Amino acid sequence: MEKRFVIFLVLSSAIFLGWSFIYGKLYPPQPEQAVQQKSAQTAQADKTKTTPSPVPTTASAQTVETGSVEQQAAAGVAGAVTQAPAAVIKLRTDHWKATLTNRGGVIRDWTMTSFTDGKAIDPPNGVNLVSENLSRRIGSPLRFYIPADPALQKQLNESNYEIRDFSNQEIYLKPGQSSEINFYYASGGVEATKTLIFKGLGYKDATGFDFDIKASVKRDGAPVDAYIVIGPNFGDQTVTEVSAYKHAPQLTYSESGSVSREAADSLEGVPATQTAAPVTWAAVDDNYFAMAIVPTKPAPAYKLLNENYVSIAVHLNQGEVNRIYAGPKDLDTLSHASEKFGLVEKGSPLENIVSYGWLNFIAFMLKPIAQLMLNGLRLINTYIGNFGWSIVILTVVLNMFFFPLRWKSSVAMKRAAAMQPKMKDLQERMKKLDKNDPRMLDLQKEQISLMKEGNPLMGCLPLLLQMPFFMAVFAILTVSIEVRHAPFVGWLTDLSTPDPYWVLPIVMCITMVAQQALTPTTADPVQKRIGYMMPLIFAWFLKAAPAGLVLYWMVSNLVGVAQQFIINKLNPTKPPAAADPSESDKTNKKPRKGKKAEALAN
């Protein structure tokens, strides 16, 4: 049992280390300098072509037809030609700011400035989630994708739209307010409309990070098969390095009740690939932020790849409202959005955007526990004001809560260790007997009795009961936005990045060794020596892990050492039960012959 367990740990560590190495090779950081240089060149070229002007009113935009956007789309008059100057609209709420352009009717820039509780994020400028340079070079969120007609796609995405019934160049949306922006384009029988409805926090139960889009594309009055694109690479634009703990923007989408995640390399250089089934929702996300689109009903989608940047295009239900979420991957906020979008009834909530890494297969169990742990962490932080110390307190409380299970586990392991000499003696005696020997049955009964009295598995069971809670904390410290850029003490200025001096991994390694030395075990000396190598392997693996995660693990080990020391004092290890020599002699002796057999022998 112990030998297999040690082999399992060694193989698991080898897999972890190998994955960390392979991940770095498969997902190298973007060549940022080259990207910036190329972006600057593109931006300069665009600047020489057009200079944005104030937002035109309906009168300043020259079109043949008049009336509402819906009426224009319904009319389908071939003679209508939109001739609008370039224009931008700047929107701002208490939680984000964005720049819209009438060139394609898209979002060119999106920056999150604060959480819904008012706490600023990356002050004073906020965190940029949609890069203007990347939008100019590759394309912007909410652009059209028309696989059957690339020429029409190019025309719609590069033309200036008329902005209908809207004259403000800058908008500030207060909580409870909304603003509707209508884009209209017509040329040569082709008509396209986009209606964006932005909402302040609390407007019709809005999350503060969601808005709606309604669009249509027609040629000669007939609908054109078109898609709305999310991406490219929504997420923190300052991230230049990725690892097993911090992934580059990826595609996450829900189809047929299951959630799929694909990075740029998994698309194997193919510019466009259709999903296997219609999607309930689709998103582009990094560790902490996501932009998702939720169609009114499951719709076909294409996975797009351009210059190693990912986007996803969802089929446009002409004239129907599509919901958009663009904000933090916060479980409570995503849960609120899921209820508002009607995804709970569909069995595919938006919280599934949050990835639990290799624990995704038990996400259904971890999600409610993770929400409970995250709420506890937030509650503690309201009094402490430091997420590092909040992690320490939560870890101590969690370990104290499970102290009775640790006690029971330790007692069971000590009992099993005390029975080990007897168990080994039984095994040796059984090896010397034939399986048909009548004494074998007696020894097997005795072995079962010993296993009931000191079964090492009974020591593992209490630990297994607490594993989901520790895994949930592991998950939230890897993906929780609260930990992002949160300082602790001294050199630990960001709990979402690795400890630059490896202090936490080294201390964690020492505490693991101490805990292993104090914990009773049934392993032999060779297995114990192999077991002492595991802390070194884990420390090496976790040196690249976020400091908040290593802090949690280190404190958990420290509390475990203290608890095990108390258990050993209050419940000292009993001396091993010695094997009975007389029983061994009985086994070695052959069974005596009966009187009749002896007489025949004489």
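One is the number of the first residue; the rest follow in order along the sequence. Quantities reported herein were computed from a predicted structural model and do not represent experimental measurements. Below, all heavy atoms of this structure are taken into account, side chains as well, without hydrogens, waters or symmetry copies.
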Problem - Pair R323-K340, side chain to side chain contact (heavy atoms under 4.5 Å, CB included): steps then yes or no - result: CA-CA 10 Å; R323 304 299 185 89; K340 187 174 184 295; 3.5 Å; yes

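- Taken to the nearest 0.5 Å, the CD1 atom of I481 stands 14.0 Å off from the CD1 atom of I476.
- Proximity of Y161 to Y184: side-chain heavy atoms (C-beta onward) are nowhere separated by under 4.5 Å.
- Checking E351 against S338 by side-chain atom types alone, a donor-acceptor pair falls below 3.5 Å.
- Considering all non-hydrogen atoms of both residues, Y325 and T333 come closest at OH-CG2, 3.4 Å.
- Residues F211 and I107 meet the side-chain proximity criterion, which asks for heavy atoms closer than 4.5 Å.
- Side-chain contact annotation: S216 with T193, donor-acceptor N/O pair under 3.5 Å present.
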Practice task
Might you work through the side chain to side chain contact (heavy atoms under 4.5 Å, CB included) test for D332 and N375, ending with a clear yes or no?
Solution key: CA-CA 9 Å; D332 289 338; N375 289 334; 3.1 Å; yes

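- Inspection of the S496 and D494 side chains reveals an N or O donor paired with an N or O acceptor under 3.5 Å.
- Proximity of the aromatic rings of Y302 and Y145 is defined here by a centroid distance below 6.0 angstrom, and this criterion is met.
- K199 pairs by the salt bridge (charged side-chain N to carboxylate O under 4.0 Å, His left out) definition with D210, D212, not counting sequence neighbours.
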Exercise for the section: Dump the intermediate steps for side chain to side chain contact (heavy atoms under 4.5 Å, CB included) on I138 and E307, then the final yes or no. Expected result: CA-CA 8 Å; I138 294 177; E307 297 183 16; 4.2 Å; yes

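- Without hydrogens or angle criteria, N308 side chain to A264 main chain gives no donor-acceptor distance under 3.5 Å.
- Considering CZ of R261 and CD1 of I353, their distance stands at 8.5 Å, rounded to 0.5 Å.
- No more than 12 heavy atoms of other residues, nucleotides or ligands sit less than 6.0 Å from atom NZ of K90.
- In this structure the side chain of L196 reaches within 4.5 angstrom of the side chain of L142, judged on heavy atoms.
- Between the side chain of D149 and the main chain of L152, a donor-acceptor pair closer than 3.5 Å is present.
- Between D286 and G235, the shortest heavy-atom distance links the atoms OD2-CA, 3.3 Å.
- To the nearest 0.5 Å, atoms CZ (F198) and CD (E180) are separated by 11.0 Å.
- Under the 3.5 Å distance criterion, the side-chain polar atoms of S254 are left unmatched by any main-chain donor or acceptor of G257.
- Remark: Y552 engages no residue in a side-chain hydrogen bond (donor to acceptor under 3.5 Å, both in side chains) (not counting sequence neighbours).
- Separation of atoms OG (S266) and CG (L305) is listed at 9.0 Å; rounding is to 0.5 Å.
- Under a cut-off of 6.0 angstrom, the local environment of CD in E345 is crowded, with over 12 non-hydrogen atoms contributed by other residues, nucleotides or ligands.
- Put simply, CD on Q250 and NZ on K303 are 12.5 Å apart, with the number rounded to the nearest 0.5 Å.
- Two residues are said to be in side-chain contact when any heavy atoms from C-beta on lie closer than 4.5 Å; V106 and L100 fail this criterion.
- No side-chain N or O of H336 forms a donor-acceptor pair with one of T207 less than 3.5 Å apart.
- Between S256 and A277, the shortest heavy-atom distance links the atoms OG-CB, 3.7 Å.
- Here salt bridge (charged side-chain N to carboxylate O under 4.0 Å, His left out) pairs that include residues 272-285, with residues two or more places apart or in two chains, are D285-K329.
- In summary, the side chains of D109 and N128 do present a donor paired with an acceptor at a separation below 3.5 Å, with no hydrogens or angles considered.
- Side chain of Q318 to backbone of V217: a donor-acceptor contact under 3.5 angstrom is found.
- One distance of note links CG of N233 with OG of S135; it measures 10.5 Å at 0.5 Å rounding.
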Show me the side-chain donor-acceptor pairs of residues 117-127 shorter than 3.5 Å, one per line, residues at least two apart or across chains.
from, atom 1, to, atom 2, distance (Å)
D117, OD1, K119, N, 3.0
D122, OD1, R484, NH1, 3.0
D122, OD1, H485, ND1, 2.9
D122, OD2, R484, NH1, 3.3
D122, OD2, R484, NH2, 2.7

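- Within the 4.5 Å cutoff, side-chain heavy atoms of E158 are placed close to those of R103.
- Within the 4.5 Å cutoff, no side-chain heavy atoms of D94 are placed close to those of L201.
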Practice task
Report the C-alpha separation of V239 and K246 in whole Å, then their side-chain angles, then the decisive distance to 0.1 Å, and conclude whether the side chain to side chain contact (heavy atoms under 4.5 Å, CB included) test is met.
Solution key: CA-CA 9 Å; V239 175; K246 184 176 290 186; 4.1 Å; yes

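- Side chain of W281 to backbone of L343: no donor-acceptor contact under 3.5 angstrom is found.
- Ion pairing of E320 with K214 is absent here, as no side-chain N (NZ or NE/NH1/NH2) approaches a carboxylate O to less than 4.0 Å.
- For K346, the side-chain hydrogen bond (donor to acceptor under 3.5 Å, both in side chains) criterion is met by no residue, not counting sequence neighbours.
- Considering only residues two or more places apart in sequence or on other chains, K97 meets the salt bridge (charged side-chain N to carboxylate O under 4.0 Å, His left out) condition with none of them.
- Within the 3.5 Å criterion, the main-chain N or O of V279 finds no donor-acceptor partner in the side chain of E255.
- In terms of heavy-atom proximity, R143 sits nearest to G231 at NH1-O, 3.0 Å.
- When every heavy atom of I312 is checked against every heavy atom of A282, the shortest pair comes out as CD1-CB, 3.6 Å.
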Exercise for the section: Apply side-chain hydrogen bond (donor to acceptor under 3.5 Å, both in side chains) to D236 and T238, showing your working. Expected result: CA-CA 6 Å; D236 187 351; T238 63; 2.7 Å; yes

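- Within the 4.5 Å cutoff, no side-chain heavy atoms of V314 are placed close to those of I228.
- Within the 4.5 Å cutoff, the side chain of P141 has heavy atoms near those of the V130 side chain.
- Proximity of the aromatic rings of W96 and Y172 is defined here by a centroid distance below 6.0 angstrom, and this criterion is not met.
- Among all heavy-atom pairs drawn from I230 and V284, the shortest one is O-CG2, 3.5 Å.
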